[in-house]
Participant: 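Okay, here's the structure, questions in a sec.
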Amino acid sequence: MNYIITTEQLTKKYKNFISVNKVSLHIRKGSIYGFLGPNGAGKSTTMKILLGLTVPTKGSFTINGKQFPDDRLKILKEIGSFIESPSFYSNLTGRENLEIIRRILGLKKNSVEDALELVGLTEFGDRLAKKYSLGMKQRLGLAGALLGRPPILILDEPTNGLDPSGIHEIRNLIKSLPALYDCTILISSHMLSEIELIADDIGILNHGRILFEGTLDELRQNALQSGYAAENLEEVFLSMVEKDNTARKQRTKL
Ligand SMILES: Nc1ncnc2c1ncn2[C@@H]1O[C@H](COP(=O)(O)OP(=O)(O)OP(=O)(O)O)[C@@H](O)[C@H]1O
Ligand SMILES: [Mg+2]
């Protein structure tokens, strides 16, 4: 299998709290990988490790053939990211904000217009960022992430705070990206229903541990075998988490 990201037993400990616990991910090149888990599961921490924003306590990872920690700087060039709410210079326009990123990355002049076009912001490019709606801000965040057309996009809850039509809009945009330019997307969410329409593969995280990794079809099979209606995957996901929480409580009682 052609994996573009693999992590091996990735672990992050804060004092005596384990935020990410022996997480091994396998992300196929060209796929959209949905990284699911309830609040506090460790999704953002895992993504921050991949982006070099925090150091793992244990474990290693490889991104597009480059191995952590030896190729740390090369890894950064492979990734465009959107972590939590992206921040902008609010008194500059969308176009000017992207222009700053373009200069820092040393990209061609037309990359700003290309990115605006890709996210559907061309006609709003000259509006101040502070006057953008939430959905437009998320689009601008995405434009910033994909400005250099990186082979990998890491998007941490890019639909956070959007209304249903905003979610729909951003979801369609993300779904279209691998076909528009050759990329692989790792996207986190705490709702399976939001991810199942776009993801090829799913990793489910709870309390820092991977509960499931596989294709959506495999998750459906898994659900059928456990007696769930396969059309309601959200319920399958939630009960997987609940079962794990109950098992954890019993273990701590022993
Ligand atoms: N700097 C830190 N120091 C101590 N604990 C931390 C730190 N960063 C994260 N944690 C803890 O690690 C756990 C995982 O946090 P993380 O932000 O990765 O979860 P998440 O899956 O992204 O959750 P959410 O859906 O709420 O964004 C949480 O219990 C959090 O409090
Ligand atoms: Mg998070």
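Keep in mind that the numbers below use all heavy atoms, side chains included, and drop hydrogens, waters and symmetry copies. Both counts, for ligands and for their atoms, begin at 1 and track the order of listing.
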Participant: Give a yes or no on this: more than 12 heavy atoms of other residues, nucleotides or ligands lie within 6.0 Å of atom CZ of Arg149.
Facilitator: yes
Participant: Please name all residues satisfying salt bridge (charged side-chain N to carboxylate O under 4.0 Å, His left out) with Lys243, sequence neighbours left out, ordered by chain then number.
Facilitator: none
Participant: Determine, considering heavy atoms only, which of Ser44, Ser189, Gly42 sits nearest to atom 17 (O) of ligand 1.
Facilitator: Ser44
Participant: Which value, rounded to the nearest 0.5 Å, describes the distance between Asp126 atom CG and Glu96 atom CD?
Facilitator: 7.5 Å
Participant: Below 4.0 angstrom from a heavy atom of Phe17, which ligand 1 atoms are there? Numbered from 1 as shown, please.
Facilitator: 11 (C), 12 (O), 13 (C), 29 (O)
Participant: Does atom 14 (C) of ligand 1 have any protein heavy atom closer than 4.0 Å?
Facilitator: yes
Participant: Only heavy atoms count here, so choose which of Leu36, Thr45, Ile18 is nearest to atom 16 (P) of ligand 1.
Facilitator: Thr45
Participant: What's the shortest distance from atom 26 (O) of ligand 1 to any protein heavy atom, and which residue and atom give it?
Facilitator: Asn39 ND2, 3.0 Å
Participant: Tell me whether atom 31 (O) of ligand 1 lies less than 4.0 Å from at least one protein heavy-atom position.
Facilitator: no
Participant: Quick check on the hydrophobic clustering: are Ile174 and Met136 connected, directly or via other members, by side-chain heavy-atom contacts under 4.5 Å?
Facilitator: yes
Participant: Are any of the N/O atoms on Glu157, whether in the backbone or the side chain, positioned under 3.5 angstrom from an N/O atom of ligand 1?
Facilitator: yes
Participant: For Tyr89, which residues count as a ring-ring contact (aromatic ring centres under 6.0 Å, His included) partner, sequence neighbours excluded?
Facilitator: none
Participant: If the cut-off is 2.8 Å, does any N/O/S atom of Ser44 fall short of it from the Mg ion (ligand 2)?
Facilitator: yes
Participant: Are Arg103 and Glu99 ion-paired here, with the side-chain N under 4.0 Å from a carboxylate O?
Facilitator: yes
Participant: Name the closest protein heavy atom to atom 25 (O) of ligand 1, giving the residue it belongs to and the distance to 0.1 Å.
Facilitator: Lys43 NZ, 2.7 Å
Participant: Any donor-acceptor pair under 3.5 Å linking the side chain of Asp200 with the backbone of Ile32?
Facilitator: yes
Participant: Just to confirm my output: which protein heavy-atom neighbour is closest to atom 5 (N) of ligand 1, and how far is it?
Facilitator: Tyr14 CD1, 3.3 Å
Participant: Return the closest protein heavy atom for atom 12 (O) of ligand 1 as residue, atom name and distance.
Facilitator: Ser19 OG, 3.0 Å
Participant: Check step by step if side chain to side chain contact (heavy atoms under 4.5 Å, CB included) holds for Ile198 and Ile185.
Facilitator: CA-CA 10 Å; Ile198 58 171; Ile185 301 176; over 6 Å; no
Participant: Hey, does Gly40 come in under 3.5 Å of ligand 1, counting only N/O atoms on both sides?
Facilitator: yes
